> 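The structure follows.
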Amino acid sequence: MKVFKFGGASVKDALGVKNLLSVINKVGHQDTLVVVSAMGKTTNALEKIIDDYFKEKDKTPEGIYELKEFHLKIIKDLFEKNSFEIEKRIHEIFDEITNFFNSNKSPIYSFVYDQVVSYGEILSTTIIHHFIKFSGIDNFWLDSRNCIKTDDYYRAANLNWELTQKNIKLQVEKDSLIITQGFIGSNSNNFTTTLGREGSDYSAAIFAYALNATSVTIWKDVPGVLNGDPRVFQNTQLLNQISYREAIELAFYGASVIHPKTLQPLQRKEIPLYVKSFENPTKTGTAVSKGKAIEPNIPCYIVKKNQVLLRLSSIDFSFIVEKNISYIFSLLHEYQMPVELIQNSAISFSVCVNNKYKRLEELVLVLRSKFNVKVIENVDLYTIRHFDKNASKFIHSFKKPILLEQRTQETAQFVI
Ligand code: ADP
Ligand code: ASP
Ligand code: MG
């Protein structure tokens with residue numbers, strides 16, 4: 001069996017859905033499991049709806065009407081006069097969301113978040129399943145919540161691998177075309193959970209692992225994995241082949257084209273991952289597999305913007321060693337501050353963090369009771385794999401001071 005994954009960008013409108021059909025027609029859809037994300041920016045829209053619900057619980061969040069219109073418009077474009085049945089289903093799904101809000105008693109944000117945000121994938125896969133059927137191709141809609149079993153850690157649930165594999169093996173019919181959701185699963189009480197934003201790539205890998213799939217293909221709006229995000233860097237080049245290890249490193253440092261959790265399950269069973277363009281499905285794209293580390297062997301650029309650099313030195317002239325470092329890290333953990341880069345010397349400690357949960361001020365206040373703290377906001381962290389002369393030229397072309405620099409044999413990082 002092979003596994004395909006189509007992300008939000010590929011199914012952002014009716015044309016996208018028609019293109020999905022054309023892609024699977026071109027490359028073949030026998031014995032294929034297709035994992036699909038929510039359409040376009042639906043997940044963001046649902047996040048806003050959830051926030052509004054928490055602000056004013058007895059009012060139906062406005063965004064729901066807009067989101068319903070967005071999906072109904074796609075249906076009108078896809079099915080024209082034959083949309084009655086699917087339209088009815090979409091109305092039912094939106095009624096379920098409204099009923100959930102009306103009857104919910106849980107004050108727990110992340111629980112409510114998962115129950116609601118998961119409807120993005122339910123909507124997209126329902127529409128796509130019906131459309132493929134409407135165009136004459138038999139296919140099955142699989143509820144991935146009956147397969148993907150997780151713990152109760154809402155918004156970033158951890159997989160129960162054993163149970164999930166068992167469910168997938170039992171429920172996925174071979175020799176057929178299956179449409180299922182990325183991103184979502186359920187816990188032991190059958191409440192919906194999610195695997196973290198952008199988690200659909202990971203879902204595809206989970207299905208592939210359980211099914212011993214021959215390959216996974218993720219269909220993107222780019223020709224494959226490039227040596228930099230084309231929205232940020234100019235003259236990017238396609239990487240034809242990279243090893244699992246290289247892909248893990250790139251994803252870990254922030255190349256958002258592949259979700260970092262996707263690769264290890266695939267590596268374990270040596271299932272090749274192809275990253276291809278949904279606009280040019282017959283082009284080869286990038287193969288992530290066993291073999292050459294990287295071809296062509298060129299530097300790869302990743303940037304994380306708007307990070308914060310903290311420079312700490314001790315107030316009492318003590319050295320910054322194990323005890324201090326462990327205290328600093330416990331605070332970074334407590335204040336949910338993802339650490340991107342660290343560097344220490346005898347009397348100073350620098351750390352580049354991502355102020356994702358906006359808790360920087362609180363953290364700095366506590367740190368200042370023990371250390372001198374210098375806070376530099378709005379810094380950019382550049383990571384360059386396979387650093388060479390050209391990469392060096394690139395970094396120095398900014399004409400901005402390099403605040404921190406760190407190099408290993410394969411990776412160079414700069415805070416600018
Ligand atoms: P999906 O629709 O599957 O969610 P994403 O938008 O998450 O797709 O991922 C595709 C985007 O990833 C591209 O449009 C591109 O801007 C970005 N990207 C970041 N780094 C890279 C890279 N190294 N190579 C290709 N694309 C990249
Ligand atoms: N729809 C989810 C998100 O936007 C999952 C995904 O697209 O991978 O984060
Ligand atoms: Mg995405």
Side-chain angles (χ1 to χ4, degrees), residues 4-13 16-17 19-20 23 34-48 50 67 113-114 116-125 128 144 148 155-157 180-185 192-207 216-240 242 246-263 273-279 285-286 288 294 298-305 382-386:
F4 285 169
K5 182 254 170 173
F6 286 89
S10 69
V11 290
K12 66 179 196 302
D13 51 22
V17 176
N19 186 60
L20 180 153
V23 170
V34 182
V35 172
V36 189
S37 306
M39 295 172 143
K41 301 276 178 230
T42 296
T43 307
N44 291 355
L46 284 164
E47 283 188 342
K48 170 87 174 43
I50 296 155
L67 195 63
Y113 179 99
D114 278 5
V116 174
V117 87
S118 49
Y119 278 104
E121 272 68 12
I122 299 294
L123 287 161
S124 66
T125 52
I128 288 161
S144 65
I148 309 269
R155 297 192 69 177
T180 195
Q181 308 79 39
F183 182 51
I184 70 177
T192 304
T193 53
T194 64
L195 304 172
R197 286 301 308 264
E198 302 294 327
S200 296
D201 293 353
Y202 181 40
S203 302
I206 296 166
F207 277 105
V216 175
T217 307
I218 52 181
W219 299 97
K220 293 276 171 182
D221 60 356
V222 281
V225 181
L226 305 165
N227 72 328
D229 185 341
R231 284 180 300 195
V232 182
F233 298 97
Q234 290 172 347
N235 308 321
T236 51
Q237 277 176 264
L238 178 69
L239 304 174
N240 301 314
I242 49 177
E246 183 65 37
I248 290 168
E249 297 284 342
L250 290 173
F252 174 79
Y253 286 117
S256 60
V257 65
I258 309 174
H259 188 279
K261 280 185 165 178
T262 311
L263 292 148
L273 169 71
Y274 301 107
V275 183
K276 292 191 188 196
S277 158
F278 58 71
E279 280 150 5
T286 302
V288 182
I294 178 164
I298 50 176
C300 298
Y301 299 83
I302 300 151
V303 64
K304 286 191 176 174
K305 300 221 166 196
Y382 283 84
T383 301
I384 306 177
R385 300 264 306 154
H386 315 288

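Being a predicted model, the structure only gives us computed values, none of them experimental. Every number for a ligand or one of its atoms is a count from 1 in the order of the listing.
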> Parallel, tilted or perpendicular: which describes the rings of Y202 and H259, with under 30° parallel and over 60° perpendicular?
parallel
> Can you pull out the closest protein heavy atom to atom 24 (N) of ligand 1? Residue, atom name and distance to 0.1 Å, please.
L226 N, 2.9 Å
> Using 2.8 Å as a strict upper limit, say whether an N, O or S atom of D201 approaches the Mg ion (ligand 3) that closely.
no
> Tell me, which N, O or S atom in E198 is closest to the Mg ion (ligand 3)?
OE1
> Just to check, does G7 reach to within less than 4.0 Å of ligand 2 when the distance is taken from its heavy atoms?
no
> Would you check the N or O atoms of V225, main chain and side chain alike, for any that come under 3.5 Å of an N or O of ligand 1?
no
> May I have the step-by-step check of side-chain hydrogen bond (donor to acceptor under 3.5 Å, both in side chains) for T193 and D114, ending in yes or no?
CA-CA 5 Å; T193 53; D114 278 5; 5.3 Å; no
> Tell me whether S37 reaches ligand 1 (any heavy atom closer than 4.0 angstrom to a ligand atom).
no
> Under the criterion side chain to side chain contact (heavy atoms under 4.5 Å, CB included), I'd like the reasoning laid out for V117 against R155: C-alpha separation, chi angles, the key distance, then a yes or no.
CA-CA 10 Å; V117 87; R155 297 192 69 177; over 6 Å; no
> Any nitrogen or oxygen of K5 lying under 3.5 Å from a nitrogen or oxygen in ligand 1? Just yes or no.
yes
> So is A255 polar-close to ligand 1, meaning N/O to N/O under 3.5 Å?
no
> Which value, rounded to the nearest 0.5 Å, describes the distance between T262 atom OG1 and E198 atom CD?
10.0 Å
> Supply the atom-to-atom distance C300 SG to I242 CD1, rounded to the nearest 0.5 angstrom.
7.5 Å
> I'd like to know if the side chain of T125 and the backbone of T180 have a donor-acceptor N/O pair within less than 3.5 Å.
no
> Evaluate the side chain to side chain contact (heavy atoms under 4.5 Å, CB included) criterion for residues R197 and E47: first the C-alpha distance (whole Å), next the side-chain angles of each, then the deciding distance (0.1 Å), finally the verdict.
CA-CA 11 Å; R197 286 301 308 264; E47 283 188 342; 3.1 Å; yes
> Is the ring pair F233/Y382 parallel, tilted or perpendicular, if the boundaries are 30 and 60 degrees?
perpendicular
> Tell me: protein heavy atom nearest atom 5 (P) of ligand 1, and distance?
K220 NZ, 3.8 Å
> Short list, please: which atoms of ligand 1 are under 4.0 Å from a heavy atom of G8?
2 (O)
> May I ask whether G224 has any heavy atom positioned less than 4.0 angstrom from an atom of ligand 1?
yes
> Of all the non-hydrogen atoms in the protein, which one sits nearest to atom 20 (N) of ligand 1, and at what distance?
D229 CB, 3.6 Å
> Using 0.5 Å steps for rounding, measure from the CD atom of E246 to the CG atom of L263.
11.0 Å
> Heavy-atom contact under 4.0 Å between H259 and ligand 2?
no
> To the nearest 0.5 Å, what is the distance between OH (Y119) and CG (L67)?
13.0 Å
> Which atoms from ligand 2 have a heavy atom of R197 less than 4.0 Å away?
3 (C), 4 (O), 9 (O)
> Quick one: does S200 get an N or O within less than 3.5 Å of an N or O on ligand 2?
yes
> Considering only heavy atoms of E198, which atoms of ligand 2 have at least one such atom less than 4.0 Å away?
3 (C), 5 (C), 6 (C), 8 (O), 9 (O)
> Supply the atom-to-atom distance E121 CD to T194 OG1, rounded to the nearest 0.5 angstrom.
9.0 Å
> What's the spacing between F183 CZ and S37 OG if we round to 0.5 Å?
9.0 Å
> Looking at E121, which atoms of ligand 2 are within less than 4.0 Å of one of its heavy atoms?
1 (N), 2 (C), 5 (C)
> Which of the atoms of ligand 1 are close to A9, meaning less than 4.0 Å from one of its heavy atoms?
2 (O)
> Which of the numbered atoms in ligand 2 are below 4.0 angstrom from a heavy atom of S37?
6 (C), 7 (O), 8 (O)
> Against heavy atoms of T43, which atoms of ligand 2 measure under 4.0 Å?
1 (N), 2 (C), 3 (C), 4 (O)
> Is K304 reaching over with its side chain to a backbone N or O of G254, donor-acceptor style, under 3.5 angstrom?
no
> Run the numbers on V34 and I128 for side chain to side chain contact (heavy atoms under 4.5 Å, CB included), then give the verdict.
CA-CA 10 Å; V34 182; I128 288 161; over 6 Å; no
> To which protein heavy atom is atom 11 (C) of ligand 1 closest, and what is the distance rounded to 0.1 Å?
D221 OD1, 4.0 Å
> Can you tell me which residue and heavy atom of the protein come closest to atom 27 (C) of ligand 1, and the distance to 0.1 Å?
V257 CB, 3.5 Å
> At a 4.0 Å threshold, what atoms of ligand 1 neighbour a non-hydrogen atom of E198?
4 (O), 7 (O)
